[in-house]
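To start, the structure itself, in C-alpha cells.
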Amino acid sequence: MNEITELLSEMSDIAQNPDMRLAACLAEGRKAVGVFPYYVPEEIAYAAGFVPFGIWGMQGSVREAGRYFPAFYCTVARMGLELALSGKIDKLSAVIMPSVCDTLRPFSQNFKSARPDIPMVFLAHPQNRKEDFGIAYTVCEYRRVKAELEGIAGVKITDESLADAICVYNENRAARREFVRLAGLYPSTVSALRRAEVLKSAYFMDKSEHTRLLLRINAALCALPHDPQPGVKVVTSGIIADNANLLDIFDRYGITVAADDVAHESRSFRVDTPIKSGDPLTALARQFSEQSDDPLLYEPDLDRRGRRLVDLVLNCGARGVIFIMMQFCDPEELDYPNIKKTLDRASVPSVMIGYDQQMRDFGQAGTSLEAFSDMLRTRLQ
Amino acid sequence: MSENKQARTVLREIVDSVYRRAWEAKERGEPVGWSSSKFPAEIAETLGLAVCYPENQAAAIAAKHGGQRMCEYAESMGFSNDICAYARISLAYADGAPCEEKPVPQPDFLLCCNNICNCMTKWYENIARMRGIPLIMVDIPFNNTVDVPDERVAYVRAQFEAAITKLETISGKKWDNKRFDEVCANANRSAAAWLKACAYCAVKPSPLSGFDLFNHMANIVTARCKPETAAAFEQLAAEYEQSVKSGESTWHYDENYRIMFEGIPCWPVLGSLFKPLKDSGANTTAVVYAPAFGFVYNGIDEMARAYCKAPNSVCIEAGVAWREDLCRENGVDGILVHYNRSCKPWSGYMFEMERRWRERLGVPVVGFDGDQADPRNFSEAQYQTRVEGLVELMAAANAANSAQ
C-alpha cells in the first residue's frame, strides 16, 4: 500500500507542478515542445528528441487572453493563451497547434499573433480521415509537421526513431488504459482526484518514464484484495475533468469513475498506432483514421457514439454517466441531446455539470452530484 | 424576365424560384437536398438536383422575427443557447417546429462543407440522424498559410469526386462533364458580375448602401450556378453604373462617413442596425461577407482551391489583407465590428484584426455585441452608443485631416 501511496503522490506532484517539471526537464538538457489539444501525433516530436508537454489550459482567471478572445470561447483555449501570455511556456522550443474545432481555428491565429517568438507548428487534421484520400492527406500533414520539427530540433527523424517512439507511446497508452480499469476497481486507494492526476501527469513527462511508474502502480493495484467500498460507478464524459474541487465532490459522495469518455483522458489513448504498417507516418495517419466516438470529429456512423457510450457504461459496470460540459464547446453541446436520448433509451441515468476552468464555486455541482449518487444508489437497492 | 423590372426584383424572384423548384421537386417525389452555403453548388446543379440552403432560410426566418421562437424550440430539444442561432433555427425546423416565415421542403439528403465552420458538421449530423437521410461531407481544413497547399487541393478534389459518386446514387442521374462545364461557366459569370456590382461601393458617393448587398447575398448563395442569376447581377451592376452617372443612390441620406461593416448582420434587428447609421450619415461602403461569396476559377482544381478560401477558413494574414484592400479601395473612414455570438470562428480573432487595422489603415474601429439570428444577444442601447462613439472618432479624424 505504501508503494502505491508514494507513487500516486509522486504523480500528483508532477500533475500539479508542470512548471517545475519543465524546468527539471530543461535542466537535464532535454528540449520540450508544447502540445495543444487534440490528436497531435506526439510520437514525431518525441522521435526528434523533444519531451512533449500537453497544454490544456489551467485553472485560474482569464486576464491577458481577453485581449485576443471574446468571452464566449472555451477556457481550454483562453487559458492556453493565458499561459502563453504569462510567460509560462517561454522555454518551450515550439508548440504544435491543431485546428479541429471552431475555437482552435482562431486560437492558432491568436497564438501566432501573441507569441510570434515561439515557433508554432500548425496541424490541420482531415475530418474525412478514414478514406484513402484522407489518410494520404494526413500523411502529408504529418510529413510537414515532421520537417518543421526537424528544423527546430536540428535533427533528422529517422524511420527507426519514429518506430521506436510509436512503441513507447503504444506502451504508455496500454498502461493508461489498464490504469483506468484498475482505478475503477479500487476507489478507496485511487480517489477520483488521484486518478485524474495520474492521467494528467502523462502530459508533463517523458512517456517511457510515465509508463515505468504506471506499470508499478498497476502491478501494485492488481495485488490488492477487492475494494470493500467500491462506491457507485459512473462514466465521465467531456473535454477535461481535472479540477480538484470538482473531483473532491466525487470522492465525498462515493462516486467512482469506472471509465471515461473525456478528451483529456481516455479519448486521447483509446487507439494504438498499428506498428506493422511499414511507413511510420502512414501508421500514425492510420491511427488518426481510427479515432471515433468524439464530438470533435465527423462521424459517418451517426448513432455510433451514443451506442458506444452505452456499451462503455455496461462493460465497466457503471450505473450512470456524468457529463462535465465545457462551457462554450459547440461540438460537445451539439452532440449532447442525442447522446442523452440514447442513454435514456438504454435506461442509463445521466447528469450534466457545466464547467469551465475559471470556476471556483462548485456548490451547485455538489448538490447535483449528491442527488445523482443518491439516485443511483437507490436504483441499486 | 421582364426588362422593366429592377434588378433587385429580378434577384428576389430568382431566389423565390429556387425554393419553388424545391417544392415542385418534392411534389414530384424527387430528392431535395439541404446544403451549407459554401458547399460546391456546382455539383448538385450539374446533376439537376433541387437544393435548399438552411443558412439562407435561418437568416430569412430571423429577419421576419421568428429567430427567437425557433431558437427557444431548439433549446427545448436540449441544444444549448451557446450554439449558433442558424443551427438552432435549422434544427428546430428539421424537427418540425411550426414556421411560417420561410417554409422549405424537408431534406432527403444533406450537403455539408465545413469551410465556413465546424459547427456545420455536427449540425448536419444531427439533421441526418433526425431525418434518417444521407449526409455528404466535404471537409476543408483551416489554412494557416495564404496559399493553399497542393496536397490540400488534392484532398478536397478527391472529396468532390466521392460526393459526385454518392449523389449519382441518390439522384439516379449520371454525371455529365459537359453540363458541369456549363454550370461552372454560369457560376463564374455570376461571381464576376457580383464582384463588379460590389465594387460600385468604391464610388464616392456610393450609388448603393452596402446593406443592399446583404439582401442580394441570397442569390450568390442559393443560385450562383444559374444563368439568370448572372444576368441579374449584370443588370444590377449596370443599374449602379447608371446611378453613378445620374448621381442617384439607394442610400438616401448624407454620406458624411463611409464605414466597413465587419461580420454577418444581425438579421432580426436590421432596422436597429440601420437607424443610427442613417441618422449620422454613415454609409456602409465595405462588407466582407458579400464579396467573400464571389470567386472566379478555371477548372476543378482551381474550384477546389477557391472553396478553400472561405472567410473562416483562411489565416489571419489573408483575412486582414482582404479587409484592408476592401477598406482602401472603398475609401473607408471607420470600421464597425460585429462580435457575433453565433459565430466563433469569425469573431475569435477579431480583436487582433482590429489592432492591425488601426495600425495599418489609421481608421477608428469600434465593436458591438450581437447575433446573426438570436435577438436576445443584441443590445440596441449598446449598439447605438458604440456607433455614436465611432462617428465621434471619425469626425475627429476628418477634422484633423482637414486642419492639415
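Residue numbers begin at 1 in each chain, while the letters A, B, ... track the order of the sequences.
- The shortest non-hydrogen separation linking B:Phe142 to A:Ser108 is CE2-OG, 4.0 Å.
- Using a 4.5 Å cut-off between heavy atoms, A:Tyr336 contacts chain B through its side chain alone, with no backbone atom that close.
- The contact list for residues 159-170 of chain B toward chain A, using heavy atoms and a distance under 4.5 Å, reads B:Gln159, B:Ala162 by residue number.
- Using a 4.5 Å cut-off between heavy atoms, B:Ile116 contacts chain A through its backbone alone, with no side-chain atom that close.
- Using a 4.5 Å cut-off between heavy atoms, A:Leu297 contacts chain B through its backbone alone, with no side-chain atom that close.
- When heavy atoms are compared at a cutoff of 4.5 Å, B:Ile140 approaches chain A solely by way of its backbone atoms N, CA, C and O.
- When each of B:Thr145, B:Asn114, B:Thr121, B:Ile83 is scored by its heavy-atom pairs under 4.5 Å with chain A, the top score falls to B:Ile83.
- No more than 12 heavy atoms of other residues, nucleotides or ligands lie within 6.0 Å of CG in A:Asp132, so this atom counts as exposed by the packing criterion.
- Side-chain contact between B:Phe79 and A:Leu334 is present, with at least one heavy-atom pair separated by less than 4.5 Å.
- The cationic group of B:Arg157 does not satisfy the cation-pi geometry with A:Phe133, failing either the under 6.0 Å distance to the six-membered ring centre or the 45° limit from the ring axis.
- Of all the heavy atoms in A:Pro70 and B:Tyr339, the pair that sits closest is CG-CD2, 3.8 Å.
- With respect to B:Glu352 and A:Lys112, no salt bridge is recorded, no charged nitrogen being found less than 4.0 Å from a carboxylate O.
- Between chain B and the residues A:Pro300, A:Pro295, A:Pro331, the most heavy-atom pairs under 4.5 angstrom are made by A:Pro295.
- Across every non-hydrogen atom of B:Asn115 and A:Arg105, the tightest pair is O-NH1, 3.8 Å.
- Atom SG of A:Cys74 sits about 11.0 Å away from atom CG of B:Asp82, to the nearest 0.5 Å.
- Both the backbone and the side chain of B:Asn312 come within less than 4.5 Å of a heavy atom in chain A.
- For A:Arg307, the CZ atom sits in a packed shell: over 12 heavy atoms of surrounding residues, nucleotides or ligands are nearer than 6.0 Å.
- In this structure, chain B has heavy atoms under 4.5 Å from both the backbone and the side chain of A:Ser113.
- Chosen from A:Gln127, A:His125, A:Gln109, A:Lys340, the residue pairing most often with chain B at heavy-atom distances under 4.5 Å is A:Gln109.
- Contact annotation for B:Asn126: only side-chain heavy atoms (C-beta onward) come within less than 4.5 Å of a heavy atom of chain A.
- The pair B:Arg152-A:Glu141 counts as a salt bridge, with a side-chain nitrogen and a carboxylate oxygen less than 4.0 angstrom apart.
- Counting heavy-atom neighbours within 6.0 Å of A:Gln364 CD, excluding the residue itself, gives a total of 12 or less.
- Interatomic distance, CG of B:Asn144 versus CG of A:Leu123, reported as 10.5 Å (0.5 Å rounding).
- With a 4.5 angstrom heavy-atom cutoff, A:Met325 does not touch chain B via any of its atoms.
- The greatest number of non-hydrogen atom pairs below 4.5 Å with chain A, out of B:Pro345, B:Cys119, B:Pro149, is found for B:Pro345.
- Counting heavy-atom pairs under 4.5 Å between each of B:Glu317, B:Glu354, B:Met350 and chain A puts B:Glu317 at the top.
- Looking at B:Asp150, there are no atoms closer than 4.5 Å to chain A (heavy atoms on both sides), in backbone or side chain.
- For a residue to count as touching a neighbouring chain, one of its non-hydrogen atoms must lie under 4.5 Å from one of that chain's; by this rule B:Arg88 does not touch chain A.
- Put simply, the side chain of B:Ser347 reaches to within 4.5 Å of the side chain of A:Phe72, judged on heavy atoms.
- In this structure, chain A has a heavy atom under 4.5 Å from the backbone of B:Met77, while its side chain stays farther away.
- Salt bridge absent: B:Lys122 and A:Asp330 never bring a charged side-chain N and a carboxylate O closer than 4.0 Å.
- Of the listed residues A:Lys341, A:Glu131, A:Glu333, A:Gln327, the one with more heavy-atom pairs under 4.5 angstrom with chain B than any other is A:Glu333.
- Between A:Val100 and B:Asn118, the shortest heavy-atom distance links the atoms O-ND2, 3.1 Å.
- Between the CD atom in A:Glu299 and the CZ atom in B:Arg129 there is a gap of 9.0 Å [rounded to 0.5 Å].
- Closest approach of B:Cys343 and A:Tyr73 over heavy atoms only: O-OH, 3.9 Å.
- The minimum heavy-atom distance between B:Tyr349 and A:Asn110, with the atom names listed, is CB-OD1, 3.4 Å.
- Under the 4.5 Å side-chain criterion, counting only non-hydrogen atoms from C-beta, A:Phe122 is not in contact with B:Cys315.
- For the 3.5 Å distance criterion, the side chains of A:Asn338 and B:Glu125 fail to qualify, holding no donor opposite an acceptor.
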